[in-house]
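Worksheet for the structure shown next.
All values below come from the heavy atoms of this structure, side chains included, with hydrogens, waters and symmetry mates left out. Numbers here simply count residues along the sequence, with the first being 1.
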Amino acid sequence: MFGYVIADRQQMSDKEKGEYRSYYCGLCKEIQRIAGLRGSAVLSYDCTFLYLLHSGLYEPENTVSMEKCSVHPFRKHRILRNQIADYAASMNILLGYYNLLDDYRDLHDLKKKTLADYLGRYMDDIRARYPRQCEAVEKNIELITQAEIRHEENIDIAAGKTGQMLAEIFAMREDEWQNILRNMGFYLGKFVYVLDAYLDIEKDEKTGNYNPLIQKKKSDPKGFCDYIEMSLTSMMSETARSFEKLPIVEDAPILRNILYSGVWTSFRAHRYRYRKKLEEKKREEGFGSVQGARRTV
């Protein structure tokens, strides 16, 4: 699930890049406060978006400092932290923990399991502080796993469970904004699941891993990309519609950059490669037909 809710840096000003980085570094420092230096291995731009979103909505007082870190030991970076940092960091650890377990289950990577076991030390504390969110994540991941085991062909089933999971994470507080935030998280969660399945489809075809999009691709290879784009556009439109209902002014351009451009980065790159392969296959088939015709003559 990680790695899709990112900024399009080419469309950002230097000031916006600096601000975005400040939240990212602030999230990193907060993860380290909760789970130590090793915990920052699961740091994600996806949860940086969560941090930005709630900071813009609730407008807590920010604390800014210049600090060095293990990744940049010789140069100080601007660190931005506020009351939302604990929540964003806790959700980052929560999602990172289950993402590592999922990777271990699929790839049998012992390094993933070792890091998951390390983060597991901090899960009881996070569950105690954020029981609703943790219950939603654990419940829906189990339902997604069951859908994968039975090879559920309806992608809306698993995508919807991902949406329900993120809906509870986006609703940080049960207040006047919770329904809008839940709707935003729900459709963004569906978007992430479908995009992840789309990007993994060639690998899953080779390995035989479950992917609910494989049959759709087989039935309509030429129209497959258009189908995925239409589905993703519908989901992201709902996400953006909910976002625009929130009274966010601070860092709104960065958030819009992510929602309207950044989240499409991986899709656009993959779509280009997919269509290029189709064109090459078509040329090869055409060349083969010509060669066969020549031999017949």
Establish whether [X] and [Y] are linked, either directly or via other cluster members, by ILVMFWY side-chain heavy-atom contacts under 4.5 Å.
X	Y	result
Val137	Leu143	no
Tyr98	Tyr45	yes
Leu57	Tyr20	yes
Ile169	Ile31	yes
Ile93	Leu43	yes

Rounded distance [0.5 Å steps], [atom1] in [X] versus [atom2] in [Y]:
X	Y	atom1	atom2	result
Ile141	Leu101	CD1	CG	8.5 Å
Met66	Cys25	CE	SG	9.5 Å
Lys161	Phe186	NZ	CZ	9.0 Å
Lys222	Asp220	NZ	CG	9.5 Å
Glu250	Glu19	CD	CD	6.5 Å
Asn183	Ile180	CG	CD1	9.0 Å

Between [X] (side chain) and [Y] (backbone), is there a donor-acceptor pair under 3.5 Å?
X	Y	result
Asp8	Asn257	no
Ser231	Tyr227	yes
Arg132	Ala171	yes
Asp251	Ile254	no
Ser22	Leu80	no
Asn211	Glu205	no
Ser13	Glu16	yes
Ser40	Gly36	no
Arg78	Gly18	no
Asn140	Ala136	yes

Can you check whether [X] reaches [Y] side chain to side chain, under 4.5 Å on heavy atoms?
X	Y	value
Leu27	Leu50	no
Lys68	His77	no
Ile84	Met172	yes
Asp86	Glu30	yes
Ile228	Leu213	yes
Ser261	Arg268	yes
Phe243	Thr239	no
Tyr210	Ile149	no

Does the ring center of Phe170 lie less than 6.0 Å from the ring center of Trp177?
no

If every non-hydrogen atom of [X] is compared with every non-hydrogen atom of [Y], which pair is closest and at what distance?
X	Y	value
Trp264	Leu259	NE1-O, 4.2 Å
Glu67	Ser65	OE2-OG, 2.6 Å
Leu195	Leu232	N-CD2, 3.9 Å
Arg9	Lys17	O-CE, 3.1 Å
Ile144	Ala158	CG1-O, 3.9 Å
Arg127	Cys134	CA-SG, 3.6 Å

Look at the rings of Tyr198 and Phe224 and say which category their plane angle falls in: under 30° parallel, 30 to 60° tilted, over 60° perpendicular.
tilted

Ignoring hydrogens and geometry beyond distance, is a side-chain donor-acceptor pair present between [X] and [Y] at under 3.5 Å?
X	Y	value
Glu142	Gln146	yes
Tyr87	His54	no
Tyr58	Asn82	no

For [Y], is there an ion pair with [X] - N to carboxylate O distance below 4.0 angstrom?
X	Y	result
Arg105	Glu148	yes
Glu153	Lys216	no
Glu238	Arg241	yes

Please say which of Tyr4, Phe49, Phe191 ends up in a side chain to side chain contact (heavy atoms under 4.5 Å, CB included) with Val263.
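The residue from Tyr4, Phe49, Phe191 that satisfies side chain to side chain contact (heavy atoms under 4.5 Å, CB included) with Val263 turns out to be Phe191.
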
Flag yes if more than 12 heavy atoms outside [X] fall under 6.0 Å of its [atom1] atom; otherwise flag no.
X	atom1	answer
Arg75	CZ	no
Gln83	CD	no
Tyr260	OH	yes
Lys139	NZ	no
Glu135	CD	no

Which residues pass the side-chain hydrogen bond (donor to acceptor under 3.5 Å, both in side chains) test with Tyr24, not counting sequence neighbours?
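Not a single residue meets the side-chain hydrogen bond (donor to acceptor under 3.5 Å, both in side chains) criterion with Tyr24.
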
Please assess Tyr187 against Ser242 for the test side-chain contact (heavy atoms from CB on, under 4.5 Å), listing each intermediate value before the final yes or no.
CA-CA 9 Å; Tyr187 284 102; Ser242 292; 5.7 Å; no

In chain order, what residues pass the salt bridge (charged side-chain N to carboxylate O under 4.0 Å, His left out) check against Arg273, with sequence neighbours excluded?
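For Arg273, no residue satisfies salt bridge (charged side-chain N to carboxylate O under 4.0 Å, His left out) once neighbours in sequence are set aside.
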
For the pair Tyr193 and Leu166, evaluate side-chain contact (heavy atoms from CB on, under 4.5 Å) and give the outcome as yes or no after the intermediate values.
CA-CA 11 Å; Tyr193 187 91; Leu166 287 194; over 6 Å; no

Between Lys217 and Glu202, is the side-chain contact (heavy atoms from CB on, under 4.5 Å) condition met? List the steps.
CA-CA 10 Å; Lys217 181 185 174 184; Glu202 293 176 359; 4.0 Å; yes

Please tabulate, one pair per line, all N/O donor-acceptor pairs under 3.5 Å involving side-chain atoms of residues 110-123, not counting sequence neighbours.
unit_1: Lys113; atom_1: NZ; unit_2: Asp117; atom_2: OD1; d: 3.1
unit_1: Lys113; atom_1: NZ; unit_2: Asp117; atom_2: OD2; d: 3.1
unit_1: Thr114; atom_1: OG1; unit_2: Leu110; atom_2: O; d: 2.9
unit_1: Tyr118; atom_1: OH; unit_2: Ala35; atom_2: O; d: 2.5
unit_1: Tyr118; atom_1: OH; unit_2: Tyr122; atom_2: OH; d: 3.2

Given Leu246 and Leu53, is the side-chain contact (heavy atoms from CB on, under 4.5 Å) satisfied, shown in steps?
CA-CA 10 Å; Leu246 299 171; Leu53 177 70; 4.1 Å; yes

